[in-house]
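Before any comments, here is the structure.
Counting from 1, the numbers follow the sequence of the chain as shown. All values reported here derive from a predicted model rather than from experimental measurement.
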Amino acid sequence: MARRLTLYIIAGLVAGLFVGLALNGWLDDGTPAAAARLKAIAGNISILTTMFLRLIKMIIAPLVFATLVSGVAQMGDTSALGRVGGRAIGWFVGASLVSLSLGLLMVTLLGPGVGVNLPLPVAGATAGVETAGFSLASFVTHIVPSSMIDAMATNEILQIVVFSLFVGVAITAVGEAAAPLVRAVDALVAVMLRITDYVMRFAPVAVFAAVAATLTERGAGVIGQLAYFMGGFYLSLLLLWGILFAAAFAIIGGRARELIRHIREPLLVAFTTASSEAAYPRLLEALERFGVPNRIASFVLPLGYSFNLDGSMIYMTFGSLFIAQAYGIHLDLGTQVAMLLYLMISSKGIAGVPRAGLVVIAATLPAFHIPEAGLLLILAVDHFLDMGRTATNVVGNAVASAVVARWEGDLRPALPPDTEAVALR
């Protein structure tokens, strides 16, 4: 089923390209009326994508809760939990620094904004991206849920993780008396994985609609306008993939190649829908088939969705410096390092959903006296950039889970990619 679904997703991607470009070429005559008509058509097509993403959001909260509680309970003691958590956070911090640094290095070497020479905007001009309340203090207090019901209703993954950790640790402390609850949670995991299988059958249709809607409204021209910037960014992503898989190869050996084969389906889903959440259920299953035990995958993966968004981080430094270059603003090395550290802190906890990185960039630019209105320069192609950075987020979290499993000495032999997901304890 997994292999067929991958082929269907690719087919949906190709069909979406043809349909979107055909509709844009047929209906776009350069008039405002045509632009409005194309936007309306794209909005109708994207209903299919919206429905799919809502189905994904429907299962994320119970799936994260059930798998994480089950994983923590299976660890058996809090020392194992602390050890796995410490190793995961250590990897996340290192990967984040590498991603941010690579973004700074590549945008400096390539200089995609050099020569654009945008005039400085009037004081107070913004790109319309909401940044109110974005601060370290609000993030830290936001980690702890005031209501578990509210956290699940709004899919606040980090808050769900915190509550699930409390539940899992309490189950471990209670011991045998909590055995019925453990069995119930395990049963919930099995049910949610089955629902995931049903939902993912709609993925090819959602992929088709997402690509077709974007190209119907914007056409191929929007890509050409910032082709050098986009090409430089995707080259940076490929280099980051190389670094991540090189690190994986150094730690888990030749099985790094096997990992790529196992995660190809969630990778495609993430790339085509530009949503890490859409890929989460299938990524969890793929990691378990690869040999990462459920107790590790279900713990590291949700944490990674808040703390290990490698693709989003490389975009933050690359995009911020590109805007500075476009305005002819020179930032010395000390300022660039300060920006890297600022982004290292402010990026933690951002949701793995489309365009979350823009919010962080919009909050960062004023802190370094870069016009926030410069975001308008990349806003038109942000969806295409989001596809690449979302796929990179998936790669980063897959590698992190496999590496932590190896450090724990518990990386199991892989199952065939088409094998039904099983919970490897």
Side-chain angles (χ1 to χ4, degrees), residues 92-121 127 129 131 223-247 308-348 350 355-382 384-393 395-396:
F92 295 163
V93 171
S96 297
L97 286 173
V98 168
S99 302
L100 291 166
S101 301
L102 182 61
L104 280 176
L105 176 64
M106 291 301 293
V107 75
T108 301
L109 291 177
L110 297 175
V114 175
V116 175
N117 297 324
L118 290 179
L120 291 174
V129 178
T131 60
I223 302 176
Q225 292 166 4
L226 291 172
Y228 184 58
F229 168 67
M230 294 179 64
F233 179 67
Y234 269 92
L235 174 61
S236 303
L237 289 182
L238 288 176
L239 289 175
L240 180 57
W241 283 33
I243 293 172
L244 289 172
F245 279 114
N308 192 43
L309 302 178
D310 298 326
S312 297
M313 292 192 186
I314 193 173
Y315 178 66
M316 290 170 197
T317 47
F318 198 96
S320 299
L321 265 292
F322 167 73
I323 293 171
Q325 291 174 355
Y327 281 114
I329 299 173
H330 174 72
L331 300 179
D332 58 34
L333 180 60
T335 304
Q336 292 184 31
V337 172
M339 177 183 286
L340 185 150
L341 296 176
Y342 184 95
L343 288 168
M344 181 72 185
I345 297 173
S346 61
S347 63
K348 297 310 175 189
I350 64 172
R355 300 199 173 186
L358 281 177
V359 177
V360 182
I361 294 177
T364 301
L365 294 179
F368 294 89
H369 308 292
I370 303 171
E372 181 195 333
L375 277 177
L376 295 173
L377 188 63
I378 59 176
L379 204 56
V381 295
D382 183 69
F384 301 101
L385 302 175
D386 203 7
M387 295 166 71
R389 64 182 183 255
T390 303
T392 305
N393 293 340
V395 169

Quiz item: How long is the span from the OG atom in Ser96 to the CE atom in Met316, to the nearest 0.5 Å?
Solution: 9.5 Å
Quiz item: Taking side chain as C-beta onward, heavy atoms only, is Ile329 less than 4.5 Å from Ile323?
Solution: no
Quiz item: In Å and rounded to the nearest 0.5 Å, what is the CG to CG distance from Leu102 to Leu97?
Solution: 12.5 Å
Quiz item: Rounded to the nearest 0.5 Å, what separation is found between the CG atom of Leu105 and the OG1 atom of Thr317?
Solution: 10.0 Å
Quiz item: Rounded to the nearest 0.5 Å, how far does CG of Leu110 lie from CG of Leu235?
Solution: 6.5 Å
Quiz item: What do the steps show when you test Phe233 against Ile314 for side-chain contact (heavy atoms from CB on, under 4.5 Å), and what is the final call?
Solution: CA-CA 9 Å; Phe233 179 67; Ile314 193 173; 4.0 Å; yes
Quiz prompt | Within residues 329-338 or reaching into it, pairs that qualify as side-chain hydrogen bond (donor to acceptor under 3.5 Å, both in side chains) - sequence neighbours excluded | solution = Asp332-Thr335
Quiz item: At their closest point, which heavy atom of Ala95 faces which heavy atom of Asn308, and how far apart are they?
Solution: CB-OD1, 3.7 Å
Quiz item: Which class fits the ring pair Phe229 and Phe318: parallel under 30°, tilted 30 to 60°, perpendicular over 60°?
Solution: tilted
Quiz prompt | CG on Leu237 to OG on Ser99, rounded to 0.5 Å | solution = 9.5 Å
Quiz prompt | Given Thr390, Asp386, Asn393, the one that forms side chain to side chain donor-acceptor pair (under 3.5 Å) with Ser312 | solution = Asn393
Exercise. Tell me, please, which residues at least two apart from Thr108 pass side-chain hydrogen bond (donor to acceptor under 3.5 Å, both in side chains).
Key: none
Quiz item: If you take all heavy atoms of Tyr234 and Gly388, which pair is closest and at what distance?
Solution: OH-N, 3.1 Å
Quiz item: Checking side chain to side chain contact (heavy atoms under 4.5 Å, CB included) against Asp310, which of Leu100, Leu240, Ile243 comes through?
Solution: Leu240
Quiz item: Is the closest side-chain heavy-atom distance between Met339 and Leu321 below 4.5 Å?
Solution: yes
Quiz item: What distance separates Arg389 CZ from Phe384 CZ, expressed to the nearest 0.5 Å?
Solution: 12.5 Å
